[in-house]
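Here's the structure we're looking at; comments come further down.
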Amino acid sequence: MDEKILVTRSSMPSFEEYTAEIRDLWESRWLTNMGAKHNQFRAELSAYLGVENTDLFTNGHMAIELSLQAMGLKGEVITTPFTFISTTHAIVRNGLQPVFCDIDPKDYTMDVSQIEELITPKTCAILPVHVYGNVCQVEEIERIASQYGLKVLYDAAHAFGVRYKGRGVASFGDASCFSFHATKVFHSVEGGAVCFKDREFGQAVYSLKDFGIQSEAEIDGVGANAKMNEFCAAMGLCNLRHMEEVLALRKRVVQEYRRLLADIDGLQLNVIQKDVEPNYAYFPIVVDEEKFGADRDEICEKLRQNNIFARKYFYPLTNAVSCYKDRFDAGLTPRAAYVSRRVMTLPLYADLDLEIVREICSLILECKK
Ligand SMILES: *Cc1c(COP(=O)(O)O)cnc(C)c1O
């Protein structure tokens, strides 16, 4: 392969579409601090995602971090180690204690049958992740949360546009956070959002993203600066217009991977979940080295030699990274550890050529012994 094939490549509107969108800003000179683009983007997102309220942030991480803060939590948060480091950092940076729940080996989301045994008098919330866009067991999580009086905040960074039983995935739980980072299915260069039901939570999080400012003389929260600027909101508005076409193009790539890699002994493909309209965000494969005859690292290396850069998402687990490994025990989440050592995500983006998908699959199959 002459050109480098990375795991993802940002979808972009045409240059003309973006410049037309930002033209107003040269007249208004209102570049950030909840301007017209910000407010329009926020309203369009609520409609697209099928939720009551949305607020916008400079990135997905700050959406999670400030949402936890706005919930006014203290104590322990039950979460998953099979995620991007942001999820765990957001808990720790709030002075909260993450308690790691193991994952379901089929869809890699939190194993809900293990949540209740992790609940203690200090538990205040559950922070599950719709990892790879796979929807968590939202009904069971809701039942547990209401029985024990816990808040539920979903990390929905992977699940933009996913629907479950006809409902937007962010309509479950107290709140759900999205990331609009350039590498995600949908992006605003950098950006993030929280969708929520409770108005008071909304006011708190809105103020926290702007230093805790209520009015000129009133600062009532220890806030941060996490406002989305107008140029990012404009990129989001443009990209939102093309979601349908992006999803159709991604679907075509996923179908080609599935056609070529289905029923290969030792390769586990991502599940097709019942009642879920997926967003084709990632294409993870889990390699069982005993059945396949080669392990995940060998396949990654083989692809790399051919200029194809698959990624080991999520390896290591967040409870095993260097800053946390003395504090947490990844041995307590053995199934997550098993998947983490064997998983890789293959290149997937809207304009990925099917010829390259076929090449990637044949390189993978060449590793099989
Ligand atoms: C990308 C991501 C985040 C953080 O989002 P940013 O916009 O990069 O700050 C959080 N959680 C998960 C699971 C992610 O993939």
Side-chain angles (χ1 to χ4, degrees), residues 6-11 41 45 49 54-69 77 79-94 96 98 100-101 103 107-110 125-136 152-162 169-170 173 175-195 205 208-209 224-229 231-233 235-236 239 270 278-284 311-319 321 324 336 339-340 343-345 348-349:
L6 305 182
V7 75
T8 185
R9 186 163 183 254
S10 304
S11 290
F41 184 33
L45 278 171
L49 296 169
T54 302
D55 204 354
L56 299 171
F57 298 85
T58 190
N59 57 53
H61 178 81
M62 289 311 290
I64 303 172
E65 195 171 309
L66 296 180
S67 293
L68 285 172
Q69 189 181 347
V77 176
T79 187
T80 168
F82 192 70
T83 179
F84 182 51
I85 195 64
S86 167
T87 321
T88 304
H89 278 351
I91 296 169
V92 173
R93 288 170 58 84
N94 269 286
L96 297 160
F100 294 99
C101 182
I103 61 170
D107 61 18
Y108 321 122
T109 64
M110 208 183 257
I126 310 176
L127 204 176
V129 180
H130 299 302
V131 66
Y132 306 130
N134 294 341
V135 178
C136 297
V152 179
L153 175 65
Y154 284 103
D155 181 338
H158 294 184
F160 187 82
V162 171
V169 77
S176 297
C177 292
F178 292 103
S179 162
F180 306 149
H181 186 255
T183 54
K184 303 282 155 84
V185 165
F186 168 79
H187 77 90
S188 60
V189 187
E190 290 259 13
V194 63
C195 301
V205 89
L208 287 172
K209 75 171 179 178
N225 180 4
K227 307 182 296 288
M228 177 180 283
N229 71 60
F231 288 81
C232 288
M235 180 61 96
N239 281 335
N270 199 17
N279 65 356
Y280 311 100
Y282 297 90
F283 198 84
R311 294 295 296 269
K312 298 171 191 176
Y313 292 144
F314 288 100
Y315 172 82
L317 295 177
T318 67
N319 55 7
V321 297
Y324 291 137
V339 174
S340 177
V343 71
M344 59 192 281
T345 59
L348 170 53
Y349 42 87

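Counting convention: from 1, in listed order, for ligands and their atoms alike.
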Could you find the nearest protein heavy atom to [atom] and give me its residue, atom name and distance?
| atom | result |
| --- | --- |
| atom 11 (N) of ligand 1 | D155 OD2, 2.8 Å |
| atom 12 (C) of ligand 1 | A157 CB, 3.4 Å |
| atom 10 (C) of ligand 1 | S86 OG, 3.3 Å |
| atom 3 (C) of ligand 1 | F84 CD2, 3.7 Å |
| atom 9 (O) of ligand 1 | H61 N, 2.8 Å |

So is C177 close enough to ligand 1, meaning a heavy atom under 4.0 angstrom away?
-> no
Aromatic ring proximity F160/F180, centre distance under 6.0 Å =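 Distance test on ring centres: under 6.0 Å, yes.
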With respect to atom 2 (C) of ligand 1, which of E190, H181, K184 exhibits the smallest heavy-atom separation?
->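 Looking at heavy atoms only, the winner is K184.
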Which of the atoms of ligand 1 are close to [X], meaning less than 4.0 Å from one of its heavy atoms?
| X | value |
| --- | --- |
| T83 | 13 (C) |
| G191 | 7 (O) |
| G60 | 5 (O), 6 (P), 7 (O), 9 (O) |

Y315 atom OH: more than 12 heavy-atom contacts under 6.0 Å |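 Atom OH in Y315 is not crowded, with 12 or fewer foreign heavy atoms closer than 6.0 Å.
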Quick one: are L68 and L127 in side-chain contact, heavy atoms under 4.5 Å?
->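 Contact flag for L68/L127 side chains = yes.
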Starting at [atom1] of [X], measure out to [atom2] of [Y] and round the result to the nearest 0.5 Å.
| X | Y | atom1 | atom2 | answer |
| --- | --- | --- | --- | --- |
| L208 | E65 | CG | CD | 10.5 Å |
| F186 | S179 | CZ | OG | 10.5 Å |
| S86 | N59 | OG | CG | 7.5 Å |

Any side-chain donor near an acceptor of the partner, N229 and K227, under 3.5 Å |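 Side-chain D/A pair, N229 to K227: absent.
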Are any of the N/O atoms in H158 less than 3.5 Å from those in ligand 1?
-> yes
In sequence, state the C-alpha distance, the side-chain angles, and the governing distance for Y108 and H158, and then conclude on ring-ring contact (aromatic ring centres under 6.0 Å, His included).
-> CA-CA 13 Å; Y108 321 122; H158 294 184; over 10 Å; no
